[in-house]
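Here the structure is laid out as structure tokens; the discussion comes afterwards.
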Amino acid sequence: MSVTRTITVAAGPFAPGHLGELTRVVPFELVDCLLDEARAVQRRVRDLPSRAGVYFLLAMCLFPRAGYLAAWGKLTAGLAGLGPAAPSGKGLRELRRRIGTAPVRALFEVLAGPLGRPGMPGVMAAGYRTVAFDGCKSVKVPDTPANRGWLGKMNASLGVTGYPVIQFMTLVETGTRALVGAVFGSTATGEADWARKLLHLLDATMLVLMDRGFDSGDFLAEVAATGAQFLVRLNASRKPPVFRSLPDGSFTSVIGGVKVRVIAAEVTVTCHDGTSYGGWYRLATTVLDHQALPARKAMALYHERWEHEVAYLALRHTLLTGRVLRSKTPAGLEQETWALLALYQAIRTAVTDAVAAVPGTDPDRASYQVAVDTAQDLVVTARNITDPDDDLAGDIGRAVLARLNPPRRPRVCPRRVKSPLSRWNKHPPGKPTVTKKITSITSTLISPDHERVTPRRKSKTDPAGP
């Protein structure tokens, strides 16, 4: 039996410039426009035009285990009959230098943004689109003098870490885990300072979920000034004044000159064998209408902030496979990181479009791993690069929909830390050490008169409070 396939690619030396079916998300016209704006278009068309270089950067991130020549081989594997160029490793390095960082960063900024439709499960809450701030300090980079000079090294219990790490700060749509914006750099800068660089992306349609690292009065005032609402967990040492108690158990107060509604509750998790554990939470929100966002609903909504961690899991482990980035200079690191973020968002766009084709499907059930595996296969075979007559879902969407994850099970899993340098290397007290099924989660609202407040220490030498 003979099987014949038709592959539609760009002509001549531009043929290797593709990303399989993801080329529909990152089309030729977009890449050409961004290269032209950055003045990175080649002066003469040779074997390695700039457009092919941008797609090579994305392929380099899609195949993190492959070297330069192997990644180029993935792009040209389906083009054997066209006689694509066979550059050297040095030629591909020079291609990266010629392109620079500007067009790759612009590509991410074009792709970044919310992807969820208002009718999708988990996208909206109390009439607002839920987004979240969070940082990540676990992506390692090569330990070279240039990279150390830019990023430094984090302190560890016995000195410093083995590799420098690059700190990410992203604004993520929690419903779809799409990147709304991102910045990155040295860990010497605090997370709140990095997050300030993304405040211009907030608007009045958003509800921002944040943990205790973002509860300073000045930062919350800056978030409120954008017009967005927020729901933030407060530090245990903070004691906001009580203005008026509300019927749902919350009370109004002021933090950083912003009028907020404060909710305090004891959350208890009960497992199938009768064991239970829990903690004390106190949240503050600018959604002052207790009927639009009741206290118990706000406590449950705050848990959606952890969808941000799932986005980092897909970026670090599913896409990057936990590997160290390859660039040995700060300029190369910036270019590679923007390409990695752009690739993540392109795949997330394909996944969300597939989920939108089946109304009522929760984006949480879509497997990012399936999407990555399918995208890799389509790059190697050079399929579906340009196919306007095909459906919008494409092969990536069909693969994702055919292998949807089951609905999330209510269970508690033990924390597994692989790095002894992690600050989370100790198991939380009271939490089960084996996986157990959760039978109930209850929240007991606490009145302001019975709140527990831990005094803030003045210095590390001061004795601990009660």
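Only heavy atoms go into these numbers, but all of them, side chains included; no hydrogens, no water, no symmetry mates. Sequential numbering from 1 along the given sequence is applied to the chain's residues.
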Check: Glu173 side chain, Val131 main-chain N or O, donor-acceptor pair, under 3.5 Å: no
Any side-chain donor near an acceptor of the partner, Tyr55 and Arg51, under 3.5 Å: no
Exercise: do Arg326 and Tyr68 side chains pair donor with acceptor under 3.5 Å: no
Basic-acidic side-chain contact under 4.0 Å: Asp193, Arg196: yes
Pair His308, Thr170: side-chain N/O donor-acceptor within cut-off below 3.5 Å: yes
Donor-acceptor side-chain pairing of Asn384 and Asp395 below 3.5 angstrom: yes
Check: Tyr344 ring centre within less than 6.0 Å of Tyr368 ring centre: yes
Asp218 and Ser216: side chain donor to acceptor below 3.5 Å: no
Proximity of Phe214 and Phe230 rings by center, below 6.0 Å: no
Asn147 side chain to Thr144 side chain, donor-acceptor N/O pair below 3.5 angstrom: yes
Test item: side-chain donor near acceptor, Glu304 and Thr174, under 3.5 Å: no
Any donor-acceptor N or O pair under 3.5 Å, side chains Arg411, Thr435: no
Any donor-acceptor N or O pair under 3.5 Å, side chains Thr176, Thr352: no
Side-chain donor-acceptor pair present, Thr321, Arg323, cut-off under 3.5 Å: no
Donor-acceptor pair between Arg98 and Gln42 side chains, under 3.5 angstrom: no
